[in-house]
Protein chains: 2
Amino acid sequence: MNVDVRDTETKIKEAARKVFLAQGYERTKIRQIADEAGVNLALVNYYFRSKEQLFKSIYAETFAQFLGQMVLLLNEETPLEVKIWRIVDRYTDFIVANPLIPGFILSEAQANDGAFFKEMNARGKLKESVFRRQLLEEAEKKTIRPVDPMQVIVTIMSNVIFPVMARPIVSYIGSFDETGFRAFMESRKQIVPEMIMAYLRAG
Amino acid sequence: MNVDVRDTETKIKEAARKVFLAQGYERTKIRQIADEAGVNLALVNYYFRSKEQLFKSIYAETFAQFLGQMVLLLNEETPLEVKIWRIVDRYTDFIVANPLIPGFILSEAQANDGAFFKEMNARGKLKESVFRRQLLEEAEKKTIRPVDPMQVIVTIMSNVIFPVMARPIVSYIGSFDETGFRAFMESRKQIVPEMIMAYLRAG
DNA sequence: GTCTATATCGTGATAGAC
DNA sequence: GTCTATCACGATATAGAC
């Protein structure tokens with residue numbers, strides 16, 4: 001009979017995640033979260049004390065997911081060129097499947113001037129990545145040009161994330177429907193790695 | 001004695017632009033706009049009837065500025081390679097000088113599902129650009145590989161805009177201060193056009 | 001743990017005097 | 001055009017019964 005067996009706390013959290021991601025902190029009302037979860041309004045505060053605390057727990061989780069996925073890919077033990085292809089491919093899939101995450105993280109990060117993710121060790125995780133070491137080593141061996149690894153990482157993220165964040169504009173200008181947009185992103189899986197490799201090999 | 005001679009309507013509008021861009025619609029309170037403008041709260045509604053209407057007029061202006069700058073650059077009559085360098089250079093300067101514009105446009109666009117800019121003729125302006133024609137012609141002449149112009153335009157915008165939108169994260173991870181971040185963006189003025197040209201010439 | 005009822009406050013908007 | 005005072009409403013949060 002379709003009885004929802006998840007416990008109340010879980011239901012609230014999942015509903016909150018859905019609504020916060022779609023609308024951001026300010027626009028979201030806790031009544032909406034309660035409705036979405038199918039629970040009484042008062043229970044939200046009973047379990048999470050306040051809207052802000054509920055938000056923070058969701059933000060922390062989401063940011064960890066966002067960064068964790070990237071760190072995972074950066075640390076794979078694969079030769080450089082194959083790896084660039086893989087990172088773009090996999091991160092595109094991740095972002096297309098979770099298109100609201102980047103905007104959520106960035107807009108709320110700006111509202112709080114990045115106070116949130118300073119607590120997590122985002123810096124170390126990216127600075128000590130295998131990918132970084134590979135870029136430096138290959139440059140040393142002259143198989144690619146010398147390059148700031150940070151520039152390469154930012155370039156990959158830009159090319160994967162921005163089109164999804166700007167999807168309303170991109171889809172409107174390109175006259176894309178759902179399928180058209182997906183095809184556009186699929187094409188980028190080829191273009192972006194080729195472009196980066198062409199740059200690294202030239203010069 | 002530093003008397004502010006701008007008329008009240010202008011003062012309100014400029015204050016509103018500043019606050020809306022920094023905080024977005026929901027987070028902004030009209031009392032804050034009035035304070036920022038140094039005028040009485042009631043005058044905001046006297047001149048603009050409602051918060052929403054004030055916001056819309058600012059959004060429309062800002063979007064036009066954002067898109068207009070890009071269209072201007074896309075339509076310059078310059079040979080393709082020089083042009084790509086120029087577009088990246090000039091658009092980077094524009095975005096660095098106006099770093100809040102992209103996030104403002106995108107976050108509010110998503111909140112309204114792009115309803116705003118469907119009214120402006122953004123599609124036509126980009127679809128019929130000189131840049132688009134150039135890419136198709138050069139591909140025809142085999143001086144570059146065949147490419148979807150939309151992909152090139154989105155790639156340029158991604159590489160210029162995203163690092164600025166993600167500045168809190170980028171600066172934190174790269175340990176950049178104000179100067180360091182500017183230098184990072186200056187480097188991209190070289191990297192991004194080289195990368196795109198390397199791609200277009202290869203293949 | 002879950003509900004109803006309510007306290008308290010912040011916000012957008014306007015009425016009406018000057 | 002500009003001000004003060006205030007209304008009307010929605011939102012967060014909690015008290016207290018069950």
Side-chain angles (χ1 to χ4, degrees), chain A residues 1-62 104 107-108 110-112 115-116, chain B residues 1-62 104 107-108 110-112 115-116:
Chain A
M1 332 301 182
N2 255 333
V3 174
D4 193 339
V5 296
R6 293 169 304 163
D7 66 359
T8 304
E9 189 171 347
T10 306
K11 282 193 281 189
I12 293 172
K13 200 154 188 179
E14 289 176 1
R17 184 181 153 88
K18 177 176 172 185
V19 182
F20 276 137
L21 274 165
Q23 305 188 338
Y25 181 81
E26 298 288 340
R27 197 174 221 96
T28 296
K29 314 301 172 194
I30 58 177
R31 283 166 213 276
Q32 196 182 353
I33 294 173
D35 291 349
E36 180 75 32
V39 305
N40 185 280
L41 167 64
L43 291 177
V44 177
N45 285 314
Y46 173 78
Y47 280 102
F48 294 93
R49 220 179 61 89
S50 72
K51 177 186 175 182
E52 192 179 350
Q53 185 168 309
L54 174 55
F55 178 81
K56 281 187 180 172
S57 82
I58 290 183
Y59 188 86
E61 264 185 34
T62 306
F104 174 71
S107 75
E108 306 297 342
Q110 199 198 9
N112 297 278
F116 275 124
Chain B
M1 286 75 122
N2 255 334
V3 175
D4 193 340
V5 296
R6 294 169 303 164
D7 65 359
T8 303
E9 188 172 347
T10 306
K11 283 193 283 190
I12 293 172
K13 199 153 188 179
E14 289 175 2
R17 185 182 151 86
K18 177 176 171 184
V19 181
F20 275 137
L21 273 164
Q23 306 188 338
Y25 181 81
E26 297 288 340
R27 196 173 222 97
T28 296
K29 314 301 172 192
I30 58 176
R31 283 172 171 78
Q32 195 182 357
I33 294 173
D35 291 349
E36 180 76 31
V39 304
N40 186 280
L41 165 66
L43 291 177
V44 178
N45 285 314
Y46 174 76
Y47 280 102
F48 293 95
R49 218 178 62 89
S50 74
K51 177 187 176 184
E52 191 179 350
Q53 185 168 309
L54 173 56
F55 178 81
K56 280 188 180 174
S57 82
I58 290 180
Y59 189 86
E61 263 183 34
T62 305
F104 174 71
S107 75
E108 307 297 341
Q110 200 199 10
N112 297 278
F116 276 126

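No experiment lies behind these values; they were computed from the predicted model shown. By convention in this document, chain letters (A, B, ...) are assigned in the order of the sequence lines, proteins followed by strands, and residues within each chain are numbered from 1.
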Checklist entry - What is the distance, rounded to the nearest whole Å, between atom CZ of A/Arg27 and atom C1' of D/dA11? => result 16 Å
N/O to N/O distances under 3.5 Å, protein versus nucleotides 13-18 of chain C:
residue, atom, partner, partner atom, Å
C/dA13, OP2, B/Lys51, N, 2.8

Checklist entry - Can you name the salt bridge (charged side-chain N to carboxylate O under 4.0 Å, His left out) partners of B/Glu9, sequence neighbours left out? => result none
Checklist outcome for this item: To the nearest angstrom, the CD-P distance between A/Glu26 and D/dG10 comes to 18 Å
Item to check | Nearest-angstrom distance from the residue atom CD of A/Gln32 to C1' of D/dG10 | outcome: 14 Å
Item to check | For A/Thr28, side-chain contact (heavy atoms from CB on, under 4.5 Å) partners two or more places apart | outcome: A/Val19, A/Phe20, A/Gln23, A/Ile33
Next on the checklist: Test of understanding: with side chain to side chain donor-acceptor pair (under 3.5 Å), list the residues that count as partners of B/Thr10, not counting sequence neighbours.
Outcome noted: B/Asp7
Next on the checklist: From OH of A/Tyr47 over to C1' of D/dA13, roughly how many Å is that when rounded to an integer?
Outcome noted: 17 Å
Donor-acceptor contacts, no H, no angles, side chain residues 36-47 of chain A, under 3.5 Å, sequence neighbours left out:
residue, atom, partner, partner atom, Å
A/Glu36, OE2, A/Lys18, NZ, 2.8
A/Asn40, OD1, A/Ala42, N, 2.8

Item to check | Length of the CG-C1' vector between B/Asp35 and D/dC3, whole Å | outcome: 15 Å
Checklist entry - What integer distance in Å separates A/Leu43:CG from C/dT4:C1'? => result 12 Å
Checklist entry - Would you say C/dG1 has OP1 or OP2 under 4.0 Å from some side-chain N or O of A/Thr8? => result no
Item to check | Salt bridge B/Glu61-B/Arg17, side-chain N to carboxylate O under 4.0 Å | outcome: no
Checklist entry - Among all residues two or more places apart in sequence or in another chain, which pass the side chain to side chain donor-acceptor pair (under 3.5 Å) test with B/Gln53? => result B/Arg49
Item to check | Atom-to-atom span, CD1 of A/Ile12 to P of D/dA13 - whole angstrom | outcome: 13 Å
Checklist entry - B/Asn40 side chain: which of C/dG12, C/dC3, D/dC3 is closest? => result D/dC3
